[in-house]
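Below is one structure, written out as structure tokens; comments come after it.
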Amino acid sequence: MKNYSIAKSRRLRSTPYTSRIEKQGVTAYTVYNHMLLPAAFGSIEDSYHHLKKNVQVWDVAAERQVEISGKDSAKLVQLMTCRDLSKSKIGRCYYCPIIDDNGNLINDPVILKLADDKWWISIADSDVIFFAKGLAAGNKFDVKISEPKVDIIAIQGPKSFGLMEKVFGKAITELKFFGFDYFDYKGIRHLIARSGWSKQGGFEIYVENTESGQDLYDYLFKIGKEFNVKPGCPNLMERIESGLLSYGNDFDNDDNPFECGFEKYVNLDTDIVFLGKEKLRKIKSEGIKRKLMGVQIETNEINLTGSLKIMNNKGDIIGDLRSACYSPHFKKVIGIAMINEPFCKVSETGKLEIQGKTFTLKVCDLPFI
Ligand code: THG
């Protein structure tokens, strides 16, 4: 398959770390929130093995923040998500489906409560800021909505704890999963959370002071040699094996949270007010007609650039394959698919046609591991 280069422009935003990752050998980009997001540093499988054993530093500035502050900020944030935030605490992150008036998904961000009247919505790839501004205007809410200059560096992998302790001291290792606090680097304060888009453990540094962040980026490599630190990026193999979902790939605005396995983040039994609540009640009582599930495909290679229909031997369409890659753990291709009733059952079989060749597959639960 021919590969094409990406034409950069002001509209396709670079990050404060772009020149650094280009020196370090980034080999592919994707576009996320109108910004460059590195997608590979050479072999994805080599990066996968390295991430599972060592530590990587990722330029994930494309995980943009939608800042909502002001008197009605808590009301607006709650209006956008079906997760009950009434007992949320300052210094915590919350994984929250954002829902529209049809009960469908708009995004699946991490929401940080910075203060009772200040929130960051750390978004996946869709324009949440305009949705928020529309809701604020329509409801005459007293809020300020902006995209602050925040450029996240993620430190991921089992050795991230050792590396971060060496920079910030022992206190950083005591952060709880999805907790955040402020830590000093050369006299500059940085918000650091224990989070990140891998299941290998790690941290995310929400860099507000660009110069200090760039210096910190370089410093992590300088002192990280003993931890075998390397540049990296969200890893397709690791994230699919771990069942970390990707908005726009695995699900989008035609899907609802029950279909996507987000039921534990849907609170219909409290008196919180959010968009689509009645629709979600109806969907829940009627039951869903399809569900995101895993599939294991009898091949060792795939390059998915869109979705693919999954058929069965009778010729029924049983679902839609949305993401897939070779899995070093299962030694075959695995994928995430929207499977239709009545086929959403473990061990249900199907087939895929790729470039004139037919491959068989088996449906399984998510996460794979
Ligand atoms: N970190 C930050 N912002 C982000 C992402 C991130 N924005 C875009 C994207 N990633 C949003 N999507 C996700 C998906 C999964 C998780 C985080 C963001 C995640 N899930 C954990 C899990 O599934 O085990 C924990 C969820 C929970 O609290 O229960 O971490 O990565 N800043």
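This is a predicted model, so every value here is computed, not measured.
- Not a single donor-acceptor pair under 3.5 Å links the side chain of Asp218 to the backbone N or O of Asp215.
- Counting only residues at least two apart or on different chains, no ring pair (Phe, Tyr, Trp, His ring centres under 6.0 Å) pair has a member in residues 272-315.
- Annotation for Tyr4: hydrophobic cluster partners, listed by chain and number, are none (ILVMFWY side-chain heavy atoms under 4.5 Å, direct or chained).
- No donor-acceptor pair under 3.5 Å is formed between the side chain of Arg64 and the backbone N or O of Tyr32.
- For Lys289 and Glu341, the salt-bridge test fails: no basic side-chain N is under 4.0 Å from an acidic carboxylate O.
- Grouped with Ile188 in a hydrophobic cluster is no other residue, since no side-chain heavy-atom contact under 4.5 Å to another Ile, Leu, Val, Met, Phe, Trp or Tyr is found.
- Evaluation of the side chain to side chain donor-acceptor pair (under 3.5 Å) rule for Lys144 yields no partner, not counting sequence neighbours.
- Legend: residues meeting ring pair (Phe, Tyr, Trp, His ring centres under 6.0 Å) with Tyr206, ordered by chain and number and at least two apart, are Trp120.
- For the pair Asn33 (side chain) and Ala62 (backbone), a donor-acceptor distance under 3.5 Å is present.
- Every pair passing ring pair (Phe, Tyr, Trp, His ring centres under 6.0 Å) that includes a residue from residues 178-198 is listed here, sequence neighbours excluded: Tyr185-Tyr219.
- Here the side chain of Gln78 pairs a donor or acceptor atom with the backbone of Thr81 at under 3.5 angstrom.
- Ring centers of Tyr265 and Tyr94: at least 6.0 Å apart, outside the cut-off.
- To the nearest 0.5 Å, the span separating SG on Cys364 from NZ on Lys345 amounts to 15.0 Å.
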